[in-house]
Protein chains: 2
Amino acid sequence: MEPKTERAADRAYLLLRREIIGGRIPAGSHLAEADLATQYGLSRTPIRESLRRLQSEGLVEVEPHRGARVVDWNSFDIEGIYDLRALIEGFVAHRAADRLTDAQLSHLAELCDRMESLTAQGSLADAEVMSDFAQLNELFHGGIAEAAGADYVIPARSMLVVLPVILQALHSYATVDFERSNRHHRELLSAFRSKDAEWASSVMTSHVLSSKRRLMEAIRDKSKESAAVMELPPPKTSADQVSA
Amino acid sequence: MEPKTERAADRAYLLLRREIIGGRIPAGSHLAEADLATQYGLSRTPIRESLRRLQSEGLVEVEPHRGARVVDWNSFDIEGIYDLRALIEGFVAHRAADRLTDAQLSHLAELCDRMESLTAQGSLADAEVMSDFAQLNELFHGGIAEAAGADYVIPARSMLVVLPVILQALHSYATVDFERSNRHHRELLSAFRSKDAEWASSVMTSHVLSSKRRLMEAIRDKSKESAAVMELPPPKTSADQVSA
DNA sequence: TGGGCAGTGATTGTATGCAACGTACAGGGT
DNA sequence: ACCCTGTACGTTGCATACAATCACTGCCCA
């Protein structure tokens with residue numbers, strides 16, 4: 001069931017992706033193939049493949065003969081990404097409403113249960129729990145996308161989902177935010193059970209847009225908060241070499 | 001100005017893509033790396049890169065240790081793809097309305113001119129002219145997407161644009177169809193010039209949906225037409241080896 | 001006769017060597 | 001002092017060799 005990743009290229013891809021998303025490799029870092037190869041104990045070939053894959057997902061930029069660099073999140077249009085994502089997830093929910101099987105529905109319900117129990121524990125400030133929640137959330141939305149039976153949304157979603165995950169991991173939310181998200185998910189399930197595509201679509205759209213709004217506020221607060229620190233320019237260390 | 005493609009991998013990618021889109025490689029063909037390498041006079045390395053790129057665009061499927069196969073169009077959900085594309089292109093047009101520069105606008109207008117002159121020539125049955133028209137059309141829509149300043153739509157569009165191009169090339173349209181398309185483009189320009197995002201978005205959406213409808217009709221007609229031929233099952237020759 | 005199994009050929013995955021390109025720095029000229 | 005250029009180094013791009021995996025055939029055995 002679990003596609004045990006045997007290929008070295010896959011392992012390298014997953015590891016690198018994890019490093020980047022986790023923020024352990026600073027934005028703008030130059031990713032030298034040889035360095036990564038020795039670091040992961042592989043040759044350059046699978047590393048190259050990984051980098052190209054990450055490029056197609058928009059996680060790294062690579063210029064010919066000049067190598068790959070981790071993209072700079074700060075330069076991204078967060079609002080635009082969320083707007084498009086709201087559109088696509090709404091579309092996906094609309095299609096899924098007609099196609100979800102009972103088994104898929106109950107699987108989604110189970111994911112809801114687990115997210116709610118994490119929320120109830122109240123320990124969402126913990127980065128570990130936070131990460132678990134994010135993963136469950138991704139499984140929930142991914143499950144809907146899968147049920148929609150539209151393979152062509154996969155490349156579209158691949159890039160649109162990454163950034164939200166990163167950003168949400170970087171900011172801390174209150175319990176009420178998770179509770180609202182959980183309520184949205186439950187309402188989605190209701191819409192799905194009644195096979196009401198329009199309802200499902202609109203709930204999904206508002207779900208994404210509300211999380212966009214919440215994130216924008218979190219960013220605004222954080223940038224205010226760190227305004228004082230920013231007064232002295234940041235030291236120009238690092239940010240140009242991955243080898244810690 | 002012209003990004004002269006020097007890298008062998010890029011050339012191979014473009015050529016292969018052209019072959020696939022042009023239908024010269026039948027759906028389901030097994031793409032053996034060594035064959036392609038000798039065929040293009042390259043080594044397997046750049047070929048591999050091309051195949052992986054085509055995979056991320058959804059043009060080929062590749063299973064570990066089992067190689068790449070050209071995807072089968074017939075199994076695709078054409079309506080769904082067009083529906084999603086209508087959504088995304090509408091979104092793109094909405095954003096572009098606020099951002100298009102005068103230079104970009106006049107460039108789009110020039111593309112319209114050229115498409116109209118091709119239509120006026122009336123020789124659109126010619127595959128050559130048809131291909132030129134399709135390319136201009138892609139430049140038109142691509143230009144709008146670029147002006148929208150939303151890099152994150154690129155992977156989304158990459159897959160959504162390919163299939164329409166293929167299918168439209170396979171079916172013949174009447175002059176009135178192209179004229180309608182040209183009118184839509186002109187109206188889009190009007191909306192852009194008046195910076196009316198809502199108008200632009202709705203024109204774009206209806207533009208895509210109308211071309212979807214037209215395509216669906218063409219497919220229906222063609223399948224009826226060839227129903228008689230289909231009565232005896234197709235010979236199981238070819239379709240499994242690219243080497244002619 | 002049918003099914004399983006090992007061997008063989010072909011194909012993909014990975015490692016490594018070499019060539020081409022880009023960058024940085026030092027030296028000389030204006 | 002500034003700019004231009006040539007050279008040296010590091011990195012990427014491509015080719016090729018080798019290893020691992022898969023598919024297929026023919027054989028053996030129940």
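These numbers come from the heavy atoms of this one structure, side chains and all, not from hydrogens, waters or symmetry mates. Every value quoted in this text rests on a predicted model; they were computed, and no experiment measured them. Chain letters run A, B, ... following the sequence lines, proteins first, then strands; residues in each count from 1.
Within residues 48-61 of chain A, the residues that have a heavy atom under 4.0 Å from DNA chain D are, in order of number, A:Arg48, A:Arg52.
Whole-Å rounding puts the B:Asp10 CG to D:dC14 C1' distance at 13 Å. Rounding to whole angstrom units, CD of residue B:Glu33 and P of D:dT21 are separated by 17 Å. Spacing between atom NE2 of B:His30 and atom P of C:dT11 amounts to 7 Å, rounded to whole angstrom units. Atoms CD1 (B:Ile47) and P (D:dG13) sit 16 Å apart, rounded to a whole Å. Going from atom CZ of B:Arg11 over to atom C1' of D:dC14 covers 11 Å, rounded to whole Å. Atom CZ of B:Arg69 and atom C1' of C:dT12 are 14 Å apart (whole Å). Protein atom CD of A:Glu63 is 17 Å distant from nucleotide atom P of D:dT11, rounded to whole Å.
Residues satisfying the side chain to side chain contact (heavy atoms under 4.5 Å, CB included) criterion with A:His171, sequence neighbours excluded, are A:Tyr173, A:Leu215, A:Ala218, A:Ile219, A:Lys222. Partners of B:Thr101 according to the side chain to side chain donor-acceptor pair (under 3.5 Å) rule, which considers only residues two or more places apart in sequence or in another chain, are B:Gln104. For B:Asp98, the side chain to side chain contact (heavy atoms under 4.5 Å, CB included) partners are B:Ala197, not counting sequence neighbours. Shown here are the side chain to side chain contact (heavy atoms under 4.5 Å, CB included) partners of B:Ser158, two or more places apart in sequence or in another chain: B:Glu57. Checked against side chain to side chain donor-acceptor pair (under 3.5 Å), B:Asp102 has no partners two or more places apart in sequence or in another chain. Looking at residues two or more places apart in sequence or on another chain, you find a side chain to side chain donor-acceptor pair (under 3.5 Å) between B:Arg85 and B:Glu89. Not counting sequence neighbours, the partners of A:Leu87 by the side chain to side chain contact (heavy atoms under 4.5 Å, CB included) test are A:Leu84, B:Leu87, B:Phe91.
Counting heavy atoms from C-beta on, the side chains of A:Met216 and A:Glu79 come closer than 4.5 Å.
As judged by a 4.0 angstrom heavy-atom cut-off over every strand, A:Ala37 is placed among residues making no nucleic acid contact.
Note on the helix from C:dT1-D:dA30 to C:dT30-D:dA1: angle between the axes of the first and last five pairs equals 10°, rounded to 10 degrees.
Closest contact between the side chain of A:Pro46 and the listed nucleotides C:dT14, C:dT11, D:dC14 involves C:dT14.
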Show the atom names and distances, to 0.1 Å, of all donor-acceptor pairs under 3.5 Å that link a side chain in residues 132-151 of chain A to residues at least two apart or in another chain.
residue	atom	partner	partner atom	Å
A:Asn137	OD1	A:His185	NE2	3.3
A:His141	NE2	A:His207	NE2	3.4

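Applying the salt bridge (Lys or Arg N to Asp or Glu O under 4.0 Å) test to every pair with at least one member in residues 18-32 of chain A, sequence neighbours left out, gives these pairs: A:Glu19-A:Arg24.
A salt bridge is absent between A:Asp35 and A:Arg44: the closest approach of a Lys/Arg side-chain nitrogen to an acidic carboxylate oxygen does not fall below 4.0 angstrom.
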Footprint string (nucleotides 16-23 of chain C, 5' to 3'): B base within contact, S backbone only, - free, heavy atoms under 4.0 Å: BB---SSS

